[in-house]
Amino acid sequence: MSSRTPYIAANWKMHKTTREAAEFTDALLPRIAATRNDVVICPPFTALATVADRVGGSAVTVAAQNMHHEDAGAFTGEISAAMLDDLDVRAVVLGHSERRQLFGETDEILAPKVQAALRADLTPIFCIGESEGQRDAGETEAVLGAQLRGGLGGLDPAQLSEVIVAYEPVWAIGTGRTATAEQAQEACAYIRSVIGEMGGDAALVRILYGGSVKPGNAGELLALPDVDGALVGGASLDPDNFAAIVNAA
Ligand code: PGA
């Protein structure tokens, strides 16, 4: 068994008002009271303060789903790391495939965001993953390697182990199609090897799997040697389902 503490994150995407976020949090906490895992909720910006206020003293911390790399400035509609820190946010999802596909985020845009997050003591949850076409063309490792080097290449080796990497095959996100245990393990082991080649402490870095994780498949995925947690979308919107995933790790 690895010494890496399991990290289970709920990515709510553009779901839940403040009232719904409060209700979810109040329902979740008693269901995971015994957990020793790191449990993270990533609400929309508008519900960060609500969730952060309610989770104090529990195993749960709060993460944002995006941020800008500058500390402040004329960037209408954007949120900085300092603003997140002000709300007791501890981590930030960067480079989710929806940000890459729908909002044009590239590794060149993401690299300074990762650095800004680390400067502000926010843990970057850096998402990478191949499309179905790339997998079918045998390009999975090349894509993962390029995303890691493109997004994290500017970090010094000690900073690399502070990043959480989320492996999310694009074809498995929101589709109900989960990677097989073999595919998830193979990709996460490869990611760990690249972090090692980049000079990071590969044994320390936590690597999550994401893509249609649900109570019924979480146990098998989370037991894989190189999978240290999960980034959960759809199944994280319901407190019973998310608690079952947390408690499967
Ligand atoms: P999903 O989303 O669990 O709904 O597939 C995962 C994610 O996008 O992080």
Side-chain angles (χ1 to χ4, degrees), residues 6-16 20-21 24 28 37-45 47-48 51 60-67 89-105 110 113-114 117 122-132 134-135 140 143-144 147-148 151 163-181 183-184 187-188 191 206-222 224 227-249:
Y7 191 99
I8 313 294
N11 176 15
W12 287 354
K13 310 189 180 185
M14 197 171 70
H15 292 285
K16 295 196 191 291
E20 290 163 345
F24 174 100
L28 177 72
N37 301 329
D38 288 340
V39 183
V40 181
I41 300 177
C42 316
F45 289 127
L48 285 169
V51 178
V60 181
T61 57
V62 177
Q65 298 175 17
N66 182 28
M67 58 168 238
V89 171
R90 299 288 167 73
V92 57
V93 177
L94 294 174
H96 188 279
S97 67
E98 288 150 18
R99 300 292 319 167
R100 292 176 187 265
Q101 287 184 325
L102 305 175
F103 301 97
E105 293 197 11
L110 293 166
K113 292 191 184 204
V114 172
L122 292 173
T123 300
I125 304 169
F126 183 65
C127 302
I128 60 175
E130 81 288 359
S131 67
E132 185 164 33
Q134 289 166 332
R135 175 164 282 272
T140 298
V143 169
L144 299 179
Q147 289 175 328
L148 287 169
V163 175
I164 290 177
V165 179
Y167 169 60
E168 298 206 305
V170 177
W171 46 271
I173 296 177
T175 59
R177 275 180 70 195
T178 318
T180 64
Q183 288 169 326
C188 292
I191 290 166
R206 287 189 284 185
I207 302 173
L208 317 182
Y209 169 78
S212 300
V213 176
K214 4 181 210 288
N217 60 25
E220 184 186 21
L221 290 162
L222 292 166
L224 297 167
V227 174
D228 304 315
L231 184 55
V232 188
S236 76
L237 295 172
D238 173 80
D240 282 319
N241 283 339
F242 187 59
I245 294 167
V246 169
N247 293 326

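For this chain, numbers begin at 1 and follow the sequence in order. Whatever order the structure lists ligands and atoms in, that order sets their numbers, starting from 1.
- Below 3.5 Å of separation, one finds an N or O of E168 facing an N or O of ligand 1.
- Proximity of I173 to ligand 1, defined as any heavy-atom pair under 4.0 Å, is shared by backbone and side chain alike.
- Residue contacts with ligand 1 leave out A166, since none of its heavy atoms falls under 4.0 Å from the ligand.
- Ligand 1 has no atom lying under 4.0 Å from any heavy atom of K214.
- Those atoms of ligand 1 that come under 4.0 Å of a heavy atom in G211, given as number and element, are 5 (O).
- Distances from atom 5 (O) of ligand 1 to the heavy atoms of C127, G129, G174 put G174 nearest.
- Of the inter-residue distances, the one linking I173 atom CD1 with S97 atom OG reads 3.0 Å to the nearest 0.5 angstrom.
- Classification of the W12-F24 ring pair by plane angle, with boundaries at 30° and 60°, yields perpendicular.
- Residues satisfying the side chain to side chain donor-acceptor pair (under 3.5 Å) criterion with D240, sequence neighbours excluded, are R31.
- The atoms of ligand 1 that sit less than 4.0 Å from any heavy atom of G234 are 1 (P), 3 (O), 4 (O).
- Here is the list of ligand 1 atoms found below 4.0 Å of a heavy atom in H96: 7 (C), 8 (O), 9 (O).
- Within the model, atoms CZ of F45 and CE of M14 stand 13.0 Å from one another, a figure rounded to the nearest 0.5 Å.
- How far CE of M67 is from NZ of K113: 7.5 Å, rounded to the nearest 0.5 Å.
- The backbone N or O of T140 sits nowhere less than 3.5 Å from a side-chain atom of R135 that would complete a donor-acceptor pair.
- The NE2 atom of H96 sits 10.5 Å away from atom CD1 of I125, with the distance rounded to the nearest 0.5 Å.
- Close approach of ligand 1 to A172 (heavy-atom distance below 4.0 Å) involves ligand atoms 5 (O).
- For ligand 1, one of its N or O atoms has an N or O atom of S212 under 3.5 Å away.
- Distances from atom 6 (C) of ligand 1 to the heavy atoms of P169, A235, G233, A230 show the closest one on G233.
- Applying the salt bridge (Lys or Arg N to Asp or Glu O under 4.0 Å) definition to pairs two or more places apart or across chains, those involving residues 165-177 are E132-R177.
- Near K13, meaning under 4.0 Å from one of its heavy atoms, ligand 1 places the atoms 2 (O), 7 (C), 8 (O).
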